[in-house]
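The structure appears right after this line, and notes come after that.
Below, read A as the first sequence line, B as the second, and so on, with proteins coming before strands; counting in each chain starts at 1.
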Amino acid sequence: MGGPITSQLKRQQTYRASVDYMAGLNPEQREAVLQTEGPLLVLAGAGTGKTRVLITRIAHIVLEGRAEPWEILAVTFTNKAAREMKERVKNFVTPMPELPWMGTFHSMAARILRTHAELVGLTGPFTILDTDDQIRLIKQLLDAENIDEKRWPARQFAGMLDGWKNRGLLPKDVPERESDDFANGKGGKLYYDYQARLKTLNAVDFGDLLLECIRLFRENPDILAGYHRKFKYMLVDEYQDSNTAQYLWLRLLAQGKRASEANICVVGDDDQSIYGWRGAEVDNILRFESDFPGAKVIKLERNYRSTANILKAASTIIARNEGRLGKTLFTDIAEPGEPISFTQVYDSEEEARTIGEEVEQYQRAGEPLNSMAVLVRASFQMRELEERFITLGLNYRVVGGPRFYERKEIRDALAYLRLVAQPADDLAFERIINVPKRGLGDSTVKLLMEAARHQNVPLLSATRMLIETEELKPKQRSTLRGLVSQFDNWAYRGENLPPYQLVEQILEESGYMDMLAADKSVESQGRKENLKELSRSMEEFETLGGFLEHISLVMDRDSADASDAVTIMTLHSAKGLEFNTVFLPGWEDGTFPSQRSMDESGRAGLEEERRLAYVGITRGRKRVRISAAQNRRIHGLWQSAIPSRFVDELPPDAVEVTDRGSAYGGYGYGGGAASRFNKADPFESVYETPGWQRARANQANRKGGGPLTIEGELVARSVDLGGQSSGYALGDRVFHQKFGYGAIQSIEGNKLTIDFEKAGTKKVLESFVSKG
DNA sequence: CAGACAGCACTTTTT
DNA sequence: GTGCTGTCTG
């Protein structure tokens with residue numbers, strides 16, 4: 001597509017702007033749009049209209065006829081950002097027959113790799129492994145090497161792998177003293193083995209998408225040159241988040257021209273670099289001017305979002321960081337707005353309660369719930385907030401919770417589909433061979449794996465061979481024969497059937513739906529719903545391959561949830577969003593800044609945490625409410641805490657300190673730095689304090705909220721019955737999945753002795769029966 | 001082979 | 001405190 005001839009033809013096309021697109025841009029923004037030629041760095045502070053500039057710039061290039069849409073490459077980090085960009089560009093320019101190449105780094109790299117798969121040793125529809133598959137694969141390798149998984153967790157190695165790949169290191173490039181760190185020097189070999197294994201599976205992991213693409217470019221200059229001709233303009237969003245591999249990838253694509261003439265525009269904010277831990281190199285943005293000599297730099301500092309007080313607080317905090325490019329946000333609005341509020345509370349429960357009250361208060365004053373958000377440092381802080389909101393009956397929405405496509409039933413269904421699409425996908429095969437239960441246990445699987453390894457073929461092929469022999473027990477043999485023919489059948493039908501129908505048939509015929517139907521647990525209904533939702537989400541895909549590609553890259557599901565709800569999410573996932581009211585709980589040293597971050601990365605870690613604080617504060621339009629608990633339970637243990645050092649860094653004249661009555665033996669605001677060393681224990685009688693009593697009382701009162709709908713999903717909350725009361729009485733008629741109906745004879749804690757009508761007297765756990 | 005139980009890690013953030 | 005994994009047992 002887009003060869004010279006078609007490109008010539010299509011150039012006749014004239015595009016129109018759907019609006020006067022330059023209107024309303026300030027001089028800096030305007031310049032950032034108009035400066036299309038040569039390298040450009042746009043340093044855009046929070047709320048300065050960065051996205052708008054990016055989109056207008058794309059539109060401008062097209063409308064001016066400088067390039068056709070498909071000659072533009074625009075990359076983002078998150079799927080969300082990519083979606084938004086596509087949406088807005090589409091509506092900006094009419095007609096838009098073909099969109100620019102817009103998407104995440106990973107999806108763009110995947111798109112390129114698909115086109116040239118065979119050049120990097122992949123065939124056709126290769127699989128993109130997610131983290132879960134990755135871990136399982138590593139476990140197998142560890143097993144083969146006789147490495148104790150307890151001592152050397154697969155997860156840890158996965159982390160190392162990711163780190164290497166983020167830095168663009170192939171197995172041969174990893175410094176030995178790093179790879180030697182794992183499993184007494186076996187790390188390097190494991191990386192080799194891992195890659196070899198991926199090749200036989202015809203699969204890549206996330207990191208490989210970029211790495212293999214880089215290799216492709218390096219080993220095939222002609223292909224790279226093709227992309228040089230194709231992409232006349234490149235744009236990168238959130239450049240501060242790019243890692244080394246992504247940098248190398250961009251660099252290669254930009255090499256069509258001399259560095260000083262490359263039409264590459266990167267937009268970012270060094271103060272919002274919060275992904276250092278996963279390999280993002282702030283250096284990339286700090287270095288841009290030397291990477292691309294003569295680069296123009298435009299700073300966007302005029303903030304359109306927040307009050308002066310909020311900007312002041314954010315600027316004051318971030319000013320403490322070293323190694324910044326240095327921007328200062330300002331606003332034209334004269335009024336300072338509400339001061340930032342800081343409140344110290346007794347414990348996290350009181351914190352949740354306070355936030356709940358305030359949310360209700362603002363709601364009564366006419367603020368929609370949608371305009372409020374609670375931003376936490378870590379997800380464990382969410383539970384108490386959720387519980388509180390449930391008690392209050394406040395509608396809330398959790399962003400970034402368990403992902404749809406990571407649910408067990410969804411992954412099972414996907415494994416079936418993957419195996420249909422790609423018979424060499426052994427990981428998928430292992431996942432579903434005995435799901436639903438078919439009597440194919442470990443011993444059978446082991447046999448298959450041995451055969452597969454011997455013949456050097458995928459498991460499914462090995463199975464085909466084995467069922468023709470006498471090596472398997474008759475029962476397993478016929479089960480497997482049936483399974484293989486089912487897969488053949490599905491593959492055959494899949495040629496003509498739309499994917500969403502295929503998945504329904506597979507789930508039905510494989511017995512998966514029966515398995516769920518037989519499962520009387522609370523979740524099974526939800527699982528069925530999720531599978532229905534999966535099928536629905538597949539309706540827009542014409543081919544199975546297309547769908548699988550999509551889900552492996554887009555693990556999040558755009559939830560078009562229109563209902564009015566408070567948002568609860570992490571600071572990380574809040575980047576790029578804005579709310580009238582922002583609550584920032586948990587500003588305690590150790591929680592935020594996170595202890596771990598500081599332990600692992602020292603000063604750099606602290607600075608990244610500080611940027612996180614900056615991101616958090618700048619999400620607020622009208623008001624920001626910060627709080628810290630004096631006591632917090634970490635790993636089930638109560639620990640006292642002192643307010644975050646960031647609290648001390650706030651400008652006093654933009655902050656209002658509220659002391660909740662229950663603040664006890666307080667470390668007051670402003671005392672943080674000094675009192676950090678004051679370890680006199682103000683909590684010796686913690687258990688007698690009003691706060692504690694209240695906490696206990698509330699705990700006892702708390703009945704599980706039952707199922708409730710969040711983002712349209714059925715979420716079941718477990719009910720804490722607080723120990724003894726089982727809810728059953730002697731003589732109650734109950735139903736047990738396996739033993740059928742029966743009557744309770746005796747109760748011993750949560751163990752019930754039941755006289756079953758058919759199965760006789762059995763002792764079972766309460767959780768396995770339901771009221772009959 | 002399935003269910004029960006003990007032991008353990010987990011609480012940073014994601015493509 | 002919770003939820004997962006792996007092992008033991010019937």
Side-chain angles (χ1 to χ4, degrees), chain A residues 75-82 103-110 128-131 134-136 139 149-150 153-156 158-159 162 165-166 204-210 238 241-243 245-246 273-280 348 375-384 399-400 402-403 405-406 408 434 437-444 475-476 551-556 569-575 586 590-601 605 608-609 611-612 615-616 632-638 699 718 720 736-739 750-751 762-765 767-768:
Chain A
V75 282
T76 63
F77 279 82
T78 62
N79 291 302
K80 201 170 68 183
T104 60
F105 274 98
H106 295 270
S107 66
M108 296 292 93
I128 300 169
L129 298 189
D130 62 22
T131 322
Q134 215 182 346
I135 300 277
R136 287 195 298 144
K139 276 189 181 159
E149 219 251 303
K150 289 242 166 65
R155 198 162 285 284
Q156 188 192 337
D162 264 1
K165 292 189 174 185
N166 284 339
V204 295
D205 61 20
F206 277 121
D208 281 348
L209 288 172
L210 285 156
E238 307 277 18
D241 289 338
S242 60
N243 61 37
Q246 287 157 341
S273 160
I274 53 175
Y275 287 108
W277 53 272
R278 66 166 201 213
S348 48
L375 310 182
V376 298
R377 174 62 182 84
S379 45
F380 71 82
Q381 295 171 262
M382 291 179 175
R383 172 181 300 185
E384 261 177 314
V399 174
R403 283 140 193 284
Y405 293 113
E406 278 169 16
K408 188 164 158 287
N434 205 26
K437 304 264 187 296
R438 303 187 169 87
L440 299 169
D442 289 346
S443 48
T444 313
K475 191 161 155 259
Q476 274 79 1
I551 59 108
S552 56
L553 290 168
V554 184
M555 287 296 272
D556 69 339
M569 66 176 134
T570 63
L571 287 162
H572 282 89
S573 40
K575 189 156 70 128
T591 301
F592 184 48
S594 132
Q595 193 58 49
R596 192 158 158 185
S597 186
M598 292 186 292
D599 289 348
E600 283 172 8
S601 318
E608 182 151 315
E609 296 286 308
R611 290 193 290 269
L612 217 35
V615 168
R632 186 173 293 276
R633 201 158 44 182
I634 297 168
H635 305 327
L637 291 171
W638 281 97
Q699 196 144 26
S718 63
D720 178 11
H736 185 281
Q737 188 48 43
K738 193 159 154 204
F739 305 130
N750 58 355
K751 288 192 191 74
K762 307 266 180 199
K763 209 176 208 179
V764 299
L765 279 179
S767 51
F768 285 92

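- Rounded to an integer number of Å, the gap from A:Gln156 CD to B:dA9 P is 12 Å.
- Within the nucleic acid shown, A:Leu129 has no heavy atom closer than 4.0 Å to any nucleic acid atom.
- Classification of the A:His106-A:Phe206 ring pair by plane angle, with boundaries at 30° and 60°, yields perpendicular.
- Relative to the side chain of A:Phe380, the nucleotides B:dT11, B:dT15, C:dG1 differ in distance, and B:dT11 lies closest.
- No contact: A:Gly207 has no heavy atom under 4.0 Å from any strand.
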Go through the steps to decide whether A:Leu440 and A:Gln476 satisfy the test side-chain contact (heavy atoms from CB on, under 4.5 Å), and finish with yes or no. CA-CA 6 Å; A:Leu440 299 169; A:Gln476 274 79 1; 3.6 Å; yes
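- When heavy atoms are screened at a 4.0 angstrom cut-off, A:Glu608 is found touching no nucleic acid atom at all.
- Atom CZ of A:Arg155 has 12 or fewer heavy atoms from other residues, nucleotides or ligands within 6.0 Å.
- Going from atom CZ of A:Arg155 over to atom P of B:dT13 covers 12 Å, rounded to whole Å.
- Rounding to whole angstrom units, CD1 of residue A:Ile128 and C1' of B:dT15 are separated by 11 Å.
- Each of A:Ser597 and A:Asn434 has a nearest nucleotide on DNA chain B; the 5'-most of these lies closest to A:Asn434.
- Where A:Ser379 and A:Lys437 meet DNA chain B, the nucleotide closest to each residue was compared, and A:Lys437 sits on the side nearer the 5' end.
- Residue A:Thr104 has its side chain nearest to B:dT15 when only B:dT14, B:dT15, C:dG6 are considered.
- Separating the NZ atom of A:Lys575 from the P atom of B:dT14 is a distance of 12 Å, rounded to the nearest angstrom.
- Of the side-chain N and O atoms in A:Thr78, none sit less than 4.0 angstrom from OP1 or OP2 of B:dT15.
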How far apart are the C-alpha atoms of A:Lys575 and A:Phe77, what are their side-chain angles, what is the distance that settles it, and do they pass the side-chain contact (heavy atoms from CB on, under 4.5 Å) test? CA-CA 12 Å; A:Lys575 189 156 70 128; A:Phe77 279 82; over 6 Å; no
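- Ring-to-base geometry places A:Trp277 in a stacked arrangement with B:dT13 (centre distance under 5.5 Å, plane angle under 30°).
- Atom-to-atom, NZ of A:Lys475 to C1' of B:dC1 comes out at 9 Å; the value is rounded to the nearest Å.
- Straight-line distance between the C1' atoms of C:dG6 and B:dT11: roughly 23 Å, to the nearest whole Å.
- Atom pair A:Met108:CE and B:dT15:P shows a separation of 15 Å (rounding to whole Å applied).
- Each of B:dT15, B:dT13, B:dT11 was ranked by its minimum atom distance to the side chain of A:Arg377; first place goes to B:dT13.
- Taking atom CZ on A:Arg438 and atom C1' on B:dC1, their separation rounds to 16 Å, with Å as the unit.
- Per the geometry, CG belonging to A:Leu571 stands 11 Å off P belonging to B:dT14, to the nearest Å.
- Closest to the A:Arg383 side chain, of the nucleotides C:dG6, C:dT2, B:dT13, is C:dT2.
- If you check C:dT2, C:dG6, B:dT13 against the side chain of A:Tyr275, the one that comes closest is B:dT13.
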Quick one, A:Phe592 with A:Leu571, criterion side-chain contact (heavy atoms from CB on, under 4.5 Å). Give me CA distance, side-chain angles, the key distance, then yes/no. CA-CA 11 Å; A:Phe592 184 48; A:Leu571 287 162; 4.0 Å; yes
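- Interatomic distance, OG1 of A:Thr570 versus CD1 of A:Ile274, reported as 8.0 Å (0.5 Å rounding).
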